[in-house]
Each structure stands twice: as C-alpha cells, then as structure tokens.
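Below is one structure, written out as structure tokens; comments come after it.
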Amino acid sequence: MIGIDAALRKALVANQRPVVTEYALFLILRQLISDKVVDGVPIRQVKSSSVANRDTLRSRIRSLLKGRYARPDEDFYPGVNDGEPRDPSSGGQHYKVLRIADVPDASAEEISALVDPFCYLSHLSAMQRYGLTNRSPAGLVISTPEVKLWREQRDAKIAKDYAHVQIDERFELGAPTRMPLEKIDLPETLRGRALDRHTTKHRTELRPIRGSFARIPAIGEVFVQMIDRPELCGGINHVLEVWAGEAKTYLDEIIKAVDGHDQSIIKVRAGYLLETLAEARDPRIDAWQKFAQRGGSRKLDSGAPYLAIFSEKWMLSLNVESEFLPTAG
C-alpha cells in the first residue's frame, strides 16, 4: 500500500509527459482517487486526500515541489528555480506548468502541445514536417485558435474529460471538484527554440505526430494555409512552386480541406491553382466556381498590389510574377 503522493509520482512517470499543466495534473489525481489503486498497488485512504478537489491538488503540488519531483517549468517561470523551491501557497502564485523531474525532456513542438491542448505546428513548420519544403523557418511556427474558438474547444474538452463524473460544478469539503482549463500563453522561446506564434479563427483538422505529443494539420489543410497566409509559408513564389510540384499527389486531401474551409476566396484560389498547376479536372472543383465574383478585387496573393492580369473563369487577379503561372487565364 502506498500514499497518494507516491501514487501520483508513479502515475506521472508512467505518463511520460515531461511537463504537466495544473488541469492535466488534476485529471490524473482524480483518476487515482477514483481507482484507489495504481499499477495494482492499493492507495492508502486518508481523509485529507480522499476527495478530488482543488485543495487536494494544491497540497499534492506542494509535496511534489518540496520533494523536487517537479519544479516550475523554467521557460514559463524564468528564474523561479534559483535557490530553494518556492511554496506556491506562500508566494500567492500557483504554478500552472510543472516540469516532471524523472521524465526526459522534449522538444519545443511537444512541450507547446502539452501546454496548449489545441495548438499545432503550422505553415512552414508543417510544410517542413511533411517534406513539402527544404526550407527551415527561423522560428517554430505554431498556431492556436483565436479566443472564441479556443473557448469552444475548451468547453468540448471539459465535457469529454468529465463525461462520467457525477458531481457537477459542486464543492466537496469546501473546494471545487473541477479545475478550470485555462489558456496558458506560450513564451517567445521554448526549449531554446524561438516560437513564431499565430492565431486562427478557422477550425483545422489535426493529426497527432507519430511518436510525439505534437499535432499537425492534415496535409490538405497545410495546402490551404499556403494560399491563406503565403508570407508564413516561404512567400507566394515558394507556395506556387510547392503546389506545382506536389498538389497533384495530394489532390483528394486538398479538395477535402478546401471544401471544408469557410472562406470563399480560398476556394477560388485553390480552384485556379489546381486547374492551372495540377491540371486537375473534378466536379468538386467546378462547384467552387460559383464563389467567383465579377467586378471584385480578389487577388491570388492578398499581400501584393492588384494587377489587371486575371483569370476570366475564376475572376482572380494574377498579381504574382512566377514561372509557374501563365500571363492570363
């Protein structure tokens, strides 16, 4: 039989996550208290740790810090680990990102995904991961939903995480039985890597990176990102080079991602590029032509000036000088 502190340490090592947020730690603690056992070993039941509430969590965090089994993550709390570990109850600060001592550290892309459950590699970093480019971004490009969408995804995650919990928004022994899932801002530099941080209002189909905690958009979504924010993908000419070389290979994935995007200009740009660069012919692409608008000022590259060279079919200004594009379409 072991105590709750030893059980929690055992669970954290088995979890193999180098960092844990306060929210994630509470889920682990709640499961241990519910199961009353860890790896087949019974957990000693005492009143002070028999209820999964905020006070029990904070007490366990103090124990982890005191025993140096965890420490505030240095990238999120610079300088806090100088000298003796600080008791969060005395300083008025509760550390929301803890580095677990007995678990090997991980890369910036993994740490960011563990801290923000909805962020992911994007743009040029995602292109590099898929082998679509040989360029390396100066900083790791990370995207996360804008506030409204982040909160919607947070609410959905909380509902899933607490789906089988009977106690809802109540207090036990004077403390809440849930911990809020708070948005934790990522630092400018993480694990020695500069972060290029962005937000998006668009829902993105994500996939886990094998053998990693990190996430990445489906490859079709990455092609959408290229024509939405080419400046984050090596510039418009590099984007056209990648579309010319790779779009035919990933045609179905691209069409699916474009169909699911809520901006009509994405469909217009993608329709033109797929027909021109990938020589694609597909009724799903034909359906996007209804989004073309005559008399507008829509541009292939949103960041460049309008040019009176355009695609008649897609009513799109071809405002890019590129070897891959005709002078008119």
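Since this is a predicted model, take the numbers as computed values, not measurements.
Contact detail for V222 and Y130: the closest heavy-atom pair is CG2-CE1, 3.7 Å. When all heavy atoms of I111 and A106 are compared, the closest pair comes out as CG1-O, 3.9 Å. When all heavy atoms of P217 and T204 are compared, the closest pair comes out as CB-CG2, 3.8 Å. Minimum heavy-atom separation, M1 to I43: CG-C, 4.2 Å.
Annotation for K183: atom NZ counts as buried by contact number, over 12 foreign heavy atoms lying within 6.0 Å. Atom CD of E188 has 12 or fewer neighbouring heavy atoms from other residues, nucleotides or ligands inside a 6.0 Å radius.
For the pair K267 and F291, the cation-pi criterion (under 6.0 Å, within 45° of the ring axis) is fulfilled. A cation-pi contact links R30 to Y162, judged by a cut-off of 6.0 Å to the six-membered ring centre and 45° from its axis.
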Do any side-chain atoms of residues 232-245 form donor-acceptor pairs under 3.5 angstrom with protein atoms, and if so which ones, sequence neighbours left out?
| unit_1 | atom_1 | unit_2 | atom_2 | d |
| --- | --- | --- | --- | --- |
| H238 | ND1 | E241 | OE1 | 3.3 |
| H238 | NE2 | T133 | OG1 | 2.8 |

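Listed for the E221 side chain is a donor-acceptor partner under 3.5 Å among the backbone atoms of E205. The backbone N or O of L277 sits nowhere less than 3.5 Å from a side-chain atom of E279 that would complete a donor-acceptor pair. For the pair N319 (side chain) and D301 (backbone), a donor-acceptor distance under 3.5 Å is present. A donor-acceptor distance shorter than 3.5 angstrom exists from the side chain of S125 to the backbone of V141, with no hydrogens or angles considered. Q16 places a side-chain N or O within donor-acceptor distance of the main-chain N or O of V13, the cut-off being under 3.5 Å. Between the R215 side chain and the C119 main chain, a donor and an acceptor come within less than 3.5 Å of each other. Using a distance-only test at 3.5 Å, with no hydrogens or angles considered, a donor-acceptor pair links the side chain of Q225 to the main chain of H123.
With sequence neighbours excluded, the residues satisfying side chain to side chain donor-acceptor pair (under 3.5 Å) with E152 are R203. Residues satisfying the side chain to side chain donor-acceptor pair (under 3.5 Å) criterion with K157, sequence neighbours excluded, are D161. Applying the side chain to side chain donor-acceptor pair (under 3.5 Å) criterion to Q128, with sequence neighbours excluded, gives S136. Take T144 and apply the side chain to side chain donor-acceptor pair (under 3.5 Å) test, not counting sequence neighbours, and it matches D116. Residues that satisfy the salt bridge (charged side-chain N to carboxylate O under 4.0 Å, His left out) test with E182, not counting sequence neighbours, are K96. The salt bridge (charged side-chain N to carboxylate O under 4.0 Å, His left out) check on E231 picks up R229, with sequence neighbours excluded. Evaluation of the salt bridge (charged side-chain N to carboxylate O under 4.0 Å, His left out) rule for D5 yields R60 as partners, not counting sequence neighbours.
Contacts classified as ring pair (Phe, Tyr, Trp, His ring centres under 6.0 Å) and involving residues 178-197 (residues at least two apart or in different chains) are not found. Pairs engaging residues 32-42 under the side-chain hydrogen bond (donor to acceptor under 3.5 Å, both in side chains) rule: Q31-D35 [sequence neighbours left out].
Note that CG of N134 is 10.0 Å distant from CE of M127, once rounded to the nearest 0.5 Å. Considering CD of E275 and CG of D286, their distance stands at 6.5 Å, rounded to 0.5 Å. Between the CG atom of L318 and the CZ atom of F310 there is a distance of 9.0 Å, given to the nearest 0.5 Å. Here the CG-CD1 distance, from D196 to I142, works out to 9.5 Å after rounding to the nearest 0.5 Å. Remark: L195 CG to D75 CG distance equals 9.0 Å, nearest 0.5 Å. How far CG of L32 is from NZ of K10: 11.5 Å, rounded to the nearest 0.5 Å.
Side chains of W314 and Q289 form a contact here, defined as non-hydrogen atoms less than 4.5 Å apart. Taking the side chain as every heavy atom from C-beta outward, I265 and L316 approach each other to under 4.5 Å. For the pair L8 and Y69, the minimum side-chain heavy-atom distance is 4.5 Å or more. The shortest distance between side-chain heavy atoms of F118 and R154 falls below 4.5 Å. D262 is listed as a side-chain neighbour of H202, based on a closest heavy-atom distance under 4.5 Å. The shortest distance between side-chain heavy atoms of L29 and I4 falls below 4.5 Å. When side chains are defined from C-beta on, L140 counts as touching L121, because their heavy atoms get closer than 4.5 Å. Side chains of I100 and V20 form a contact here, defined as non-hydrogen atoms less than 4.5 Å apart.
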Assess whether side chain to side chain contact (heavy atoms under 4.5 Å, CB included) is satisfied between I255 and L274, documenting all intermediate values.
CA-CA 9 Å; I255 291 175; L274 288 177; 4.2 Å; yes
Test R197 against S112 for side chain to side chain donor-acceptor pair (under 3.5 Å), laying out the working first.
CA-CA 11 Å; R197 302 161 296 179; S112 61; over 6 Å; no
Run R9 and L64 through side chain to side chain contact (heavy atoms under 4.5 Å, CB included) and show every step you take.
CA-CA 8 Å; R9 296 196 299 268; L64 288 170; 3.8 Å; yes
Using the rule given for side chain to side chain contact (heavy atoms under 4.5 Å, CB included), can you reason through V97 versus Y77, listing the C-alpha separation, both sets of side-chain angles and the distance that settles it, and then say yes or no?
CA-CA 9 Å; V97 183; Y77 306 99; 4.2 Å; yes
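Checking L12, T21, I61 one by one against L98, the side-chain contact (heavy atoms from CB on, under 4.5 Å) holds for a single residue, I61. No option in Q293, K290, R298 other than R298 meets the side-chain hydrogen bond (donor to acceptor under 3.5 Å, both in side chains) test with S264.
Electrostatic pairing of D105 and R99 counts as a salt bridge here, judged by a charged N lying under 4.0 Å from a carboxylate O. The existence of a salt bridge linking E22 and R58 is confirmed by a sub-4.0 Å separation between a basic side-chain nitrogen and an acidic carboxylate oxygen. Looking at E110 and R191, no side-chain N of the basic residue comes within less than 4.0 Å of a carboxylate O on the acidic one, giving no salt bridge. Between R284 and D282 a salt bridge is recorded (basic side-chain N to carboxylate O distance below 4.0 Å).
Its side chain outside the 4.5 Å cluster rule for every partner, L149 clusters with none of the Ile, Leu, Val, Met, Phe, Trp and Tyr residues. Using a 4.5 Å cut-off between side-chain heavy atoms of Ile, Leu, Val, Met, Phe, Trp and Tyr, L206 falls into a hydrophobic cluster with Y120.
In this structure, a donor-acceptor pair under 3.5 Å is absent between the side chains of D259 and H261.
By the criterion of side-chain heavy atoms lying less than 4.5 angstrom apart, applied directly or through intervening Ile, Leu, Val, Met, Phe, Trp or Tyr residues, V147 is not grouped with I184; the two fall into different hydrophobic clusters. Using a 4.5 Å cut-off between side-chain heavy atoms of Ile, Leu, Val, Met, Phe, Trp and Tyr, with links allowed through other members, L307 and L300 fall into different hydrophobic clusters.
Ring geometry, F223 versus Y250: the interplanar angle falls from 30° to 60°, so the pair is classed tilted.
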